[in-house]
Novice: 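Before we start, here is the structure in question, set down as structure tokens.
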Amino acid sequence: MRIPDRYYGLHPAFAWLISLVMAGFGLMVTFAVFEVDDSLGFFGDMLGLVLIAPLLMFLWTPFIRVAGWYKYYSPLFLVFGESKTRIEIHSGPSVDYLLHLRGIPPGKELQRTVLAFYLQGLLNIADKVASSEDPATVEIVGTSYFFSDRSVERMGFQVSPGGWLHRINLVFSFLELFRLNSLSAGKVKVPNIFKVKKASMSGERLLEHREYIQRLYD
């Protein structure tokens, strides 16, 4: 299965140039927010960051990707901070939705496409885990607010409540999540970010459920 090109299909030098320019704009926007909200103190700064978080994510994602900090296993499925024993999975940000979901109408068709990308990512991770020395020592973990416990448990995950750090992270991502959640649903849909859950499993368990995940993907 094809894993997205780290450089967006561009020459590396050109991809670096574009990503650095966008990241530079991101820094300028961040400094501007702190200057404007200086009179409001700490809480004003935090509110400003929440409001501009979608723009900052859009501007910073290309740099994080070409730098190799985001490792993609499918167009909408990435890992941040991967190590030999831990694979922390994340959904792609809005720039990836813009690149890979253009022309797909919101609602059921878009939901199926997003799910297919997620399953493709899990299958690619399973292939990587299969080549590791000891799959049982590899932990695959992700946090979200939207998945069905029953659905992910069938794939081999164990579900538990998310921690407060995860909730705080989702607060800063609220507007981005609101937009993507509404796009997938085909209607205005407010995400329940305080219902965050953690899903985890070992690499060995992922390999045991690989055939089931492959059937879902097919």
Side-chain angles (χ1 to χ4, degrees), residues 4 8 18-19 21-67 69-70 72 74-81 88-115 117-118 121 141-148 161-199:
Y8 296 96
I18 293 174
S19 66
V21 170
M22 292 179 67
F25 277 116
L27 281 175
M28 292 171 58
V29 171
T30 303
F31 289 142
V33 167
F34 279 99
E35 287 294 327
V36 170
D37 292 334
D38 190 51
S39 61
L40 299 177
F42 174 79
F43 290 105
D45 292 336
M46 294 303 101
L47 177 60
L49 288 177
V50 169
L51 293 176
I52 67 166
L55 176 60
L56 292 180
M57 179 63 72
F58 183 87
L59 292 172
W60 275 94
T61 294
F63 174 76
I64 297 172
R65 176 165 167 173
V66 299
W69 296 336
Y70 279 171
Y72 283 76
S74 84
L76 291 182
F77 195 87
L78 62 91
V79 170
F80 181 70
E88 186 173 323
I89 57 180
H90 297 270
S91 174
S94 58
V95 65
D96 295 323
Y97 275 64
L98 179 65
L99 287 171
H100 302 293
L101 298 177
R102 292 195 306 270
I104 301 177
K108 293 295 184 182
E109 184 177 350
L110 191 141
Q111 287 179 20
R112 287 193 295 269
T113 305
V114 171
L115 177 59
F117 282 141
Y118 289 175
V141 60
T143 56
S144 187
Y145 62 90
F146 66 83
F147 59 72
S148 161
W164 279 104
L165 285 177
H166 298 125
R167 291 180 172 86
I168 292 171
N169 178 56
L170 291 182
V171 166
F172 281 100
S173 306
F174 176 79
L175 293 178
E176 169 104 341
L177 295 173
F178 171 69
R179 187 158 63 91
L180 297 181
N181 203 36
S182 299
L183 181 66
S184 296
K187 60 183 179 181
V188 174
K189 188 173 182 180
V190 179
N192 185 356
I193 59 175
F194 293 102
K195 196 180 177 183
V196 63
K197 293 173 285 187
K198 174 183 175 183

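The residues of the chain are indexed from 1 along the displayed sequence.
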Novice: Would you say Q111's side chain and S184's backbone share a donor-acceptor pair under 3.5 angstrom?
Specialist: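 Checked: pair present.
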Novice: Should the heavy atoms of other residues, nucleotides or ligands under 6.0 Å from CZ of F178 be counted, would the total exceed 12?
Specialist: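 Result for CZ/F178: enclosed.
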Novice: Please report the shortest heavy-atom distance between G92 and Y97, naming the atom on each side.
Specialist: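 Residues G92 and Y97, closest heavy atoms: O-CE1, 3.4 Å.
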Novice: Does the side chain of H90 come within less than 4.5 Å of Y70's, by heavy atoms?
Specialist: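 When only atoms from C-beta onward are counted, H90 and Y70 do not touch, as no gap falls below 4.5 Å.
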Novice: Any chance CZ of F25 has more than 12 other-residue heavy atoms, nucleotides or ligands included, within less than 6.0 Å?
Specialist: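 Open.
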Novice: To the closest 0.5 Å, what do you measure between CG (L27) and CG (L59)?
Specialist: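 Going from CG on L27 over to CG on L59, the span is 9.5 Å.
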Novice: Work out which heavy atom in V95 is nearest to a heavy atom in T61; give both atom names and the distance.
Specialist: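 For V95 and T61, the tightest heavy-atom pair comes out as CG1-CG2, 3.3 Å.
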Novice: side-chain hydrogen bond (donor to acceptor under 3.5 Å, both in side chains) with Y72: which residues, sequence neighbours excluded?
Specialist: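 side-chain hydrogen bond (donor to acceptor under 3.5 Å, both in side chains) list for Y72, sorted by chain: D96.
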Novice: What closest approach, in Å, do Y118 and L76 show between heavy atoms, and which atom pair accounts for it?
Specialist: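 Minimum heavy-atom separation between Y118 and L76: CE2-O, 3.4 Å.
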Novice: Do L78 and W69 make a side-chain contact, defined as non-hydrogen atoms from C-beta onward lying under 4.5 Å apart?
Specialist: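 L78 does not reach W69 side chain to side chain.
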Novice: Are side-chain heavy atoms of L101 and V114 found at a separation under 4.5 Å?
Specialist: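 Contact flag for L101/V114 side chains = yes.
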Novice: If I compare all heavy atoms of L110 with all of L183, which pair ends up nearest, and what's the gap?
Specialist: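 Closest heavy-atom pair between L110 and L183: CD1-CG, 4.0 Å.
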Novice: What closest approach, in Å, do S74 and G121 show between heavy atoms, and which atom pair accounts for it?
Specialist: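 Heavy atoms only, the tightest pair is CB-N, 3.7 Å.
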Novice: What distance separates L177 CG from S144 OG, expressed to the nearest 0.5 Å?
Specialist: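 One gets 7.5 Å once the value is rounded to the nearest 0.5 Å.
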Novice: For residues V66 and S19, report the shortest heavy-atom separation together with the two atoms involved.
Specialist: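 That would be CG2-OG, 3.3 Å.
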Novice: May I have all residue pairs that pass salt bridge (charged side-chain N to carboxylate O under 4.0 Å, His left out) and include part of residues 179-193, sequence neighbours excluded?
Specialist: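 Those involving residues 179-193 are E176-R179.
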Novice: Answer whether the closest heavy-atom distance between the side chains of F117 and P4 falls below 4.5 Å.
Specialist: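 They are not in side-chain contact.
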